[in-house]
Amino acid sequence: MAIFLPCFISIFLILPSFITAQTNKNITLGSSITAGDISSSWVSPSKDFAFGFQQVEPGNFLLAIWFNQIPEKTISWSANRDKLAPSGSKVELASGRSLILTDPRGQELWRAKLSGGSPAYAALLDTGNLVVSKQDSVILWQSFDEPTDTLLPTQTLGQGAQLIAPYSEKNYSSGRFSFELTTSGNLALYTTDFPLFDSLNTNYLDYESQGLGFQVVYNQSGLLYLVGNDGSILRYMFSEDQASEHVLYQRVILEHDGVLRHYVYPKGSAGWSVKSFAPDNICTAVMQRTGSGVCGFNSYCQFRDDSKPHCLCPPGYSLLDPNYEMGGCYQNFPSQNCGNPSNEKEYDLKVLISVDWPLSDYEHYQNVTIDWCREVCLADCFCAVGIFEETGDCWKKKVPLSNGRSDVSVDRTAFIKVRKD
Ligand SMILES: *[C@@H]1O[C@H](CO)[C@@H](O)[C@H](O)[C@H]1NC(C)=O
Ligand SMILES: *[C@@H]1O[C@H](CO)[C@@H](O)[C@H](O)[C@H]1NC(C)=O
Ligand SMILES: *[C@@H]1O[C@H](CO)[C@@H](O)[C@H](O)[C@H]1NC(C)=O
Ligand SMILES: *[C@@H]1O[C@H](CO)[C@@H](O)[C@H](O)[C@H]1NC(C)=O
């Protein structure tokens, strides 16, 4: 039996417009949200941002802040990217404690590390910043101080703060690149020592701040710049104008492929578009002494017109994980047997133009011909790839190959050893 209780009450509330609209939406002590409970989230006064759980794989949730009024529900911050919360997990603003995320068994997964004092309320501001405050409104913790991969307008990045790229397009856990202002005042894009993240690796875009960097500012007009110790603007990260009034939303994100991108969401548009990005060519920018480079081991990187790096396997190699392009490639044929020199004739060389794997070489010859270079690799059971340059230089390369790149600027020919048939 169905009971209908029609409700024809329309309430028109004429509210005075407060300039500080965000302060009128306090999240009170004891409030909580449960993962898997679709309807519950905490929304900013403008409704532009929401805080709650987003399911990122079946049964597992990210405690996150997202753009709430666009179909993509793009995530701008998350608490537990490296420790997903199972269905039934709960985040609570616990009285006398903090904002705490626990799994269904009550195990703590994450908590906001308050700067001291007891929380009185929390609020999700219209900027996308989640704050936990004391009774006197002094902020004890804010999500803007602990960015994940994204900066929002009005957010700053101080010395020692960083953005860490997600691992892949669909996996939000901490990945292989970071954008960091070091405690010594230098700003750069770095490769991380994944999966540890406790020391900086190679930098692949240095903003040459000479230790003068004080903070990175992403201001309300959408300009990203580095401010020096003396308060002056040392440099802009992107050479672009500030956002026009046609822009609805914007964000800066260090993406899984190591590219720092400035996205805008124009009013009335169907999605985000890239306004600027850096570095110009990630494939040629990254050169690591240890580590695989942008792409995984044995693959090579090609920067295409879509402004994205694409990771390719050379002939005779296949992706380790067919669903993860950046994961590297394996040799899909048995290697040449050094104990059996006669099996040399079972191998052949395939040619790739304008491809190179710098730093993977174990021998270098000068003043040789292309044919000599070819033969010397074919005859050497250790040689996986031969590289020839018109200058007469020839290199023998060993696996796993690293820093692979394919670019018109690469003046070299690669001979890839493969097994015949
Ligand atoms: C939010 O909570 C603080 C502390 O209790 C209080 O001072 C402030 O007036 C509250 N704001 C609103 C709009 O309720
Ligand atoms: C995401 O990537 C990390 C790092 O490789 C891995 O440990 C984790 O299992 C991945 N998560 C998913 C859901 O695939
Ligand atoms: C952002 O910075 C630019 C350049 O310094 C400045 O012209 C602009 O007025 C700033 N916008 C705001 C809202 O402060
Ligand atoms: C290469 O050969 C030329 C001509 O024989 C010679 O002048 C030059 O010094 C050689 N270069 C090297 C690096 O051996």
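All residue numbers refer to positions in the sequence shown, counting from 1. Order of appearance sets the numbers: ligands from 1, and atoms from 1 within every ligand.
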Item to check | Lys/Arg-Asp/Glu bridge criterion (N-O < 4.0 Å) met for K396, D380 | outcome: yes

Next on the checklist: How long is the straight-line distance from OG1 of T154 back to CG of N219, given to the nearest 0.5 Å?
Outcome noted: 9.5 Å

Checklist entry - What atoms of ligand 2 come closer than 4.0 angstrom to any heavy atom of F194? => result 4 (C), 5 (O)

Checklist outcome for this item: re atom 14 (O) of ligand 3, the protein heavy-atom contact at minimum distance is N219 ND2, 3.7 Å

Checklist entry - Among protein heavy atoms, which lies nearest atom 4 (C) of ligand 3, and at what distance? => result Y236 OH, 3.4 Å

Next on the checklist: Quick test: of every protein heavy atom, which one is nearest to atom 5 (O) of ligand 2, and how far off is it to 0.1 Å?
Outcome noted: Y167 CZ, 3.4 Å

Checklist entry - Are any side-chain N or O atoms of S46 and backbone N or O atoms of D48, one a donor and one an acceptor, separated by less than 3.5 Å? => result yes

Checklist entry - Which residue owns the protein heavy atom closest to atom 9 (O) of ligand 3, what's the atom, and how far is it? => result S221 OG, 4.3 Å

Checklist entry - Below 4.0 angstrom, N of the basic side chain to O of the carboxylate: do R105 and D103 qualify? => result yes

Checklist entry - Do you know which of K398, K397, R412 makes salt bridge (charged side-chain N to carboxylate O under 4.0 Å, His left out) with D361? => result K397

Item to check | disulfide (SG to SG under 2.5 Å) between C373 and C394, intermediate numbers included | outcome: CA-CA 6 Å; C373 188; C394 172; 2.2 Å; yes

Next on the checklist: Give the atom numbers and elements of ligand 3 that come within less than 4.0 Å of a heavy atom of L223.
Outcome noted: 2 (O), 3 (C), 4 (C)

Checklist entry - Do we get R405 above Y300's six-membered ring, with its NZ or CZ under 6.0 Å from the centre and within 45° of the axis? => result no

Checklist outcome for this item: ligand 3 atoms nearer than 4.0 angstrom to some heavy atom of I233 are 5 (O)

Item to check | Distance from atom 13 (C) of ligand 2 to nearest protein heavy atom, with residue and atom | outcome: E57 OE1, 2.2 Å

Checklist entry - Counting from 1, what ligand 3 atoms have a heavy atom of Q220 closer than 4.0 Å? => result 13 (C)

Checklist entry - Where does Y172 meet ligand 2, judged by heavy-atom distances below 4.0 Å: at the side chain, the backbone, both, or neither? => result neither

Item to check | Shortest reach to atom 11 (N) of ligand 2 by a heavy atom, considering only N323, N171, D82, D321 | outcome: N171

Checklist outcome for this item: min-distance protein heavy atom vs atom 7 (O) of ligand 3 -> Q242 OE1, 3.6 Å

Checklist entry - Counting distance only, does the side-chain N/O of K267 pair as donor-acceptor with the main-chain N or O of E245 below 3.5 Å? => result yes

